[in-house]
Amino acid sequence: MSCAQTIQDYALRSIGFGERLLPRSDFTLCEHFVLIGSGMIWNVYFGALALFLGFFLAIAVALGKASSNPWVRKPAEWFIFIFRGSPLFIQFFLAYEAFVLLPKVGIEIFGITAETRWLTRAWAGALIVLFLNTAAYSGEIFYGALRSVPKGDMEAADAYGITGWSRFRRITWPTMMRLAWPAYTNEAIFLFHATALVFFSSFPAWQQRGDALYYANYFADRTFNPFVAYPIVAGYFIVLTLCVIMIFGLINTRLNRHLPQEHRAKIRIRPQIMR
Amino acid sequence: MLFYASFVTVMVLLVITAPIALLFGLGGAIASRSRILPIRWFGNIYTSVVRGVPDIVFFLFFVIALDQAFEWIRHQVKCPDWTEPIRQGSDFVVCAQAKLPLSSSPQWIHETYGFFLAVLTFAIVFGAFAANVLFGAMRAVPRAQMETAEAYGMNQRQAFWRILVPQMWVYALPGLSNLWMILIKATPLLFLLGVEDIVYWARELGGSKSGVFEYPHPDWRLWYFIGLLFFYLGLTRISEVILARLTTRLSHGQATVGGEAQRKAAA
């Protein structure tokens, strides 16, 4: 079978198109690359969507934690503490078991039956966990940035009579983003790495539609040779990491465009703010 | 009973892995600072590759890879006159004497060997993170300190071990304490490495029937996992408190913002 044929059969295998059966024996290098690459679709899906949705919740959580009202502050603090203090792996297990226990037929709310079945599927259930997880981690990052917004900026805003929502939108928020961005890039990288855990915790790969690591593990189990499949996954993830750094670097340049060249914060992996 | 013992397994893993990973990290950091180019490349590649790839990939990879590497080395040493190829299709065949652990050895050796592989894997992965932290910490030590050491006539090695290494810890501490948190949160992955840890037992005991028994209770896995959640929350919370104390202790008398604040508070 030629490599073009393999690409046609397996390039979209992880989302259910193409050949139904996975290759069983005599794996070629091409099959490794195509199938594992196909699994990367899921990693990108989980990472990108969780990051996007988590961004908004994270800002809300950060503002909540900075609030002076204890009814707002305490829940935000507990949210951050629980999701940052426990392993993601346990969170996945817990969420899955909790979703499985929901009644299969759905829940009656005000006469409307809410379907709950889809929650046990990886595409929704794992996404929810990743979304909450990244919101907690980035919430902490944004909170730290919010605390380090220069006092002078706020006083200048006061002097110009900018208050309330417009002060937040035009002064606080842009500065907070600018300060938090290098750390947030780190968080994004590690979130993408965390997506590899999805199919290794409880969530089953329905019809063998898994992520990159799921397929790599499939190959490694069959051939008992870890030296082919895992380096390929590693290569894919390094490329993904470089893409994330590039995209976030562009945003970083835009956020810092008003500053003189030497004051701009460079993006590099900083171990003390790693998750 | 085994469930409670598995908590000890996790703690033992943490206690053993942390120093070994630190050692790996020190080695990696020294390698990245080396004047000899290939060693520096090795150090840089080690740290950057491990950081660029999800740790779970390494956990899955190293457990098999290390096992096969050890068996291959023993095979070369113990059975030099073996002619058949080692990889036969999808089988990895070594002679019976080279098997690790020997098929005749008792069960506990098998378990210990699995645990040993897990520790080594954790040490390799977290060693790379630690190397990165220590490398940054070494660069953060003020240059003047090293120059003073040279002025006192210390050679490179003496200046490194007597001046740089003792001073770098305070700069390394934020990174290392974060690393400790990550290490704690990575321990449930032991389950994937085939060690019977708390996640394994929570699944076994919580399920309404396991491979061996049928339990009279319904599916309790949710409650077991909530228990684990609290265990980990407690562990991270205690570590946070202890590490905060340690930071205060270490910044005492240092030329940093923290040290300066302490001096002012005392005066």
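Below, chain A is the first sequence line, B the second, and so on; all start at residue 1. All values below come from the heavy atoms of this structure, side chains included, with hydrogens, waters and symmetry mates left out.
Contact annotation for A:I82: both backbone and side-chain heavy atoms come within less than 4.5 Å of a heavy atom of chain B. Heavy atoms of A:Y96 lying under 4.5 Å from chain B are absent altogether. Of the two parts of A:L94, the backbone and the side chain both hold a non-hydrogen atom closer than 4.5 Å to a non-hydrogen atom of chain B. Residue contact with chain A, scored on non-hydrogen atoms closer than 4.5 Å, involves the backbone and the side chain of B:I226 alike.
Heavy-atom minimum distance, B:L233 versus A:F81: CD2-O, 3.7 Å. The heavy-atom pair separating A:I90 from B:P188 by the smallest distance is CG1-CG, 4.0 Å. The minimum heavy-atom distance linking A:R84 with B:K185 is given by the pair O-NZ, 2.8 Å.
Residues A:Y230 and B:F58 form no side-chain contact, since every pair of their non-hydrogen atoms from C-beta on lies 4.5 Å or further apart. Between B:Q68 and A:F227, some side-chain heavy-atom pair lies under the 4.5 Å cut-off.
A 6.0 Å sphere centred on CZ of B:R139 holds no more than 12 heavy atoms belonging to other residues, nucleotides or ligands. Annotation for B:F42: atom CZ does not count as buried by contact number, only 12 or fewer foreign heavy atoms lying within 6.0 Å. The neighbour count for A:R73 CZ, taken as heavy atoms of other residues, nucleotides or ligands under 6.0 Å away, is above 12.
The aromatic rings of B:F225 and A:F93 lie parallel to each other, with less than 30° between the two planes, well short of the 60° mark.
Taken to the nearest 0.5 Å, the CG atom of A:D221 stands 9.0 Å off from the CG atom of B:L60. The distance from the CG atom of A:L197 to the CG atom of B:D55 is 7.0 Å, given to the nearest 0.5 Å. How far CZ of B:F231 is from OG of A:S86: 12.5 Å, rounded to the nearest 0.5 Å.
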